[in-house]
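Before any comments, here is the structure.
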Amino acid sequence: MADGEKNLAAPPKRKQEVPTYCLGKKRLLVKKHISHERRYNWTSRQAEPSENVFCDIRSLGYEEKRDLIANIKEAVAFVTTMIFLDGSSQLNSEQTLTSSVKGIVVLVKSRTDRLSSLSFSSTDSTWSAASQGDKFIYLETECSSLWEQGEQTHNKFARQVLFQILRCKVPVICFNAKDFLKTVLQVYGNGISWKQVADSIVLDPRIAAWLINSSDTVPSFECLLQYFEKSYSVETVNTDTGALRNSRHQNLVVNLQKLYTIMMGLAHDLQVQGLWKLFCTLELPLIKVLAVMETHKIHVDKQELKKTSEILGLRLKELEEEAHQIAGERFLLTSSSQLREVLFEKLKLHTLCEKIPRTERQQVASTSEVVLSKLQDLHPLPKLMLEYRQVRKMKSTYVDGLRTCMRKGFICPTWNQTGTVTGRLSSKHPNIQGISKHPVRITKKQYIKGKEEEILTISPRALFVSKKGYTFLAADFSQIELRILADLSAEPELLKLFQEPETTDIFTSLASQWKGIPSEQVKQTDREQAKRIVYSVVYGAGKERLAECLGITPHEAGHFIESFMQKYKKVHEFTKKTIGQCQNKGYVVSIMGRKRLLANINSQDYKLRTQAERQAVNFVVQGSAADLCKMAMVEIFTSVVVSPTLTARLIAQIHDELLFEVEDSQIQEFSALVKRTMESLQQTTALEVPLKVPLKVLLTTGKSWGCMTELQEM
DNA sequence: CGTAGAACCATGTGG
DNA sequence: TCCACATGGTTC
């Protein structure tokens, strides 16, 4: 190693016990001492003796900096965490607020360490938790005094160190790695392309744990420790010895070492369970995609938002008054129980109608949409309520809800990679995946001019607008789940439908077939209905449920299920086969090897068992679709990264749809890339069924997510 | 007595 | 007795 070492003060060495871990039956001793070699100047600015653990880069001289960079280049792994202003870190806080980041701590694992279990093909299961020569670097990210010359150079060096770490092609282990990358991009990304994080290899133990058991949410590092202790029966060793007590930084050092060990253990488990490839090629690269995505702001029309909120508020007032008049009573329209009283106890509408479905838990008469739809010919109130709820949802969730997420005319949703058991993503603040497609029509009374009425439509997606000079481009896999089902079941009738080029829309075809009308006359509602039928039947809906869903009699529904099963026999065989496999193994797998454990699959309880059966079938299809969409995200991301010209940014993923913001001049080139990449996933995943990706862009007249049209073939 | 929080409901997204 | 979510609201 570096020659400059001899010039520095002699390293004071301290010994420390590290927990002894067990891996399955094999016991692995990882008793080593953590080195506190004084290679660099450990003195931090706030010269508390107990904190003299980190190499604070601000205290380094020129040669020491050079040595540090050299050291980083030789490292075999990094373990890192962010420190927040309140002194907590990513390892001891549930909530990570990026605004309050104080600094970054990096444990540099040196060459002397063995990291064989990380290599892709290796079956070596030994690892060590700590070794001599490990370094701890501390980078302060908070730049309080930008004008100071010293701060500037430190920031510059910190940036150099971080990007060196990310460029190393060596694993960077971090609990909640996405937040770490995001912070790096936000703090040091100024003037530097987001493409630079793409080279990094980040490992996140949280994601590993989630892949092993997707029901475990692992909300914090502490939970991960618990999980690890359970699975490996770790002997908990008291690390709270003597001088280390009350030292948060020392605790952090121990935790970083633990994190490293845990990650190695999880890596081993992933390999054993056949999840390693999925982890490395899909979930890990996706961290970077999501980090970059979260650093991109989405513009929303603030003025328009305010205006529509007011209009909707007025309309709600009108509807409320009207409802009170019709009901002959003042009541809270938002309360389902009060509405229940009015509808069934006062007006007694249930007596004039067929049986009213009851709510699941309390077994009281439901006031749901389907019920109100049934009642709307009997009394004006139900229809009014339907409109009221529609407008209310629009205002509270989409308009006002969006406004609370907004900062200076922008929103940035948070993406959760480990939030679902099926492998899909979820988003919040706002939940951009749940924003209504359908516009709502409201009548706006013009009081000034007298009795004139104006009908206007409000579309929540239209509130999202692209930047000047940019355009939204949406690419979605059409009927992805049905295509996957066709492939997995090898149902010839279904496969044929997809392979025939003349079928433009399978649900439209199905609807026309079902209703006995030509495809041209199939309306959007018919199509939606056909879609519901297919998925309901495939995933094992009972005839009662289907009947309720479609507003037909259970007898008719039962007949339809029968004819569906008759026509697509292989689909039924597929579901039976899947359930059988699940019964044998206790889990099911998606096309990319994603797992879902289903403990109740062999339960004595009929309800629990059949639920598990449906979950099993649903997972294989939905999970596989999630795999494909994630693959598309990663592949497109890497293509853009290696391209010297392309600048397209992913805005959102709505399960089967990817929404990009593209420079106007790059639309043709980029859209071709997207289509090619997504459709070629058929080959990479060896699918029988072709994948189709119609591209939609918005018209030049209205640059919003609301009005998209199909892109002309080139 | 007011309010924090869990549970429930309704509605939206996606397939 | 389709699945998976998020959100906003009421009730207890």
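Order of the sequence lines fixes the chain letters, A, B, ..., with proteins taken first and strands second; residue numbering starts at 1 for each chain.
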How would you label the contact of [X] with the nucleic acid (heavy atoms, under 4.0 Å): base, sugar-phosphate, or nothing?
{"X": "A/V534", "answer": "nothing"}
{"X": "A/R596", "answer": "sugar-phosphate"}
{"X": "A/E657", "answer": "nothing"}
{"X": "A/I435", "answer": "sugar-phosphate"}
{"X": "A/E544", "answer": "nothing"}
{"X": "A/R392", "answer": "sugar-phosphate"}
{"X": "A/R609", "answer": "nothing"}
{"X": "A/S536", "answer": "base"}

Taking atom types as they are modelled, is there a donor-acceptor pair under 3.5 Å from the base of B/dG15 to the side chain of A/R424?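 For A/R424, whose side chain was compared with the base of B/dG15, there is no donor-acceptor pair (under 3.5 Å).
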Any donor-acceptor N/O pair under 3.5 Å between C/dC3 base and A/Q622 side chain: yes
Answer yes or no: does a side-chain N or O of [X] lie under 4.0 Å from OP1 or OP2 of [N]?
{"X": "A/Q390", "N": "B/dA10", "result": "no"}
{"X": "A/R389", "N": "B/dT11", "result": "yes"}
{"X": "A/S368", "N": "B/dA10", "result": "no"}
{"X": "A/K531", "N": "B/dG15", "result": "yes"}
{"X": "A/T397", "N": "C/dG8", "result": "no"}
{"X": "A/S335", "N": "C/dT10", "result": "no"}
{"X": "A/K437", "N": "B/dG14", "result": "yes"}
{"X": "A/S427", "N": "C/dA6", "result": "no"}
{"X": "A/T367", "N": "B/dA10", "result": "yes"}

A/R594/A/E283 salt bridge by N-O under 4.0 Å criterion: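 A/R594 and A/E283: salt-bridged.
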Taking the six-membered ring for Trp, are A/W705 and A/F464 parallel (under 30°), tilted (30 to 60°) or perpendicular (over 60°)? perpendicular
With A/Q433 as partner, the option from A/R424, A/Q653, A/K428 fulfilling side chain to side chain donor-acceptor pair (under 3.5 Å) is A/Q653
Side chain proximity check, A/R392 to A/E320, heavy atoms < 4.5 angstrom: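 No - every pair of side-chain heavy atoms lies 4.5 Å or more apart.
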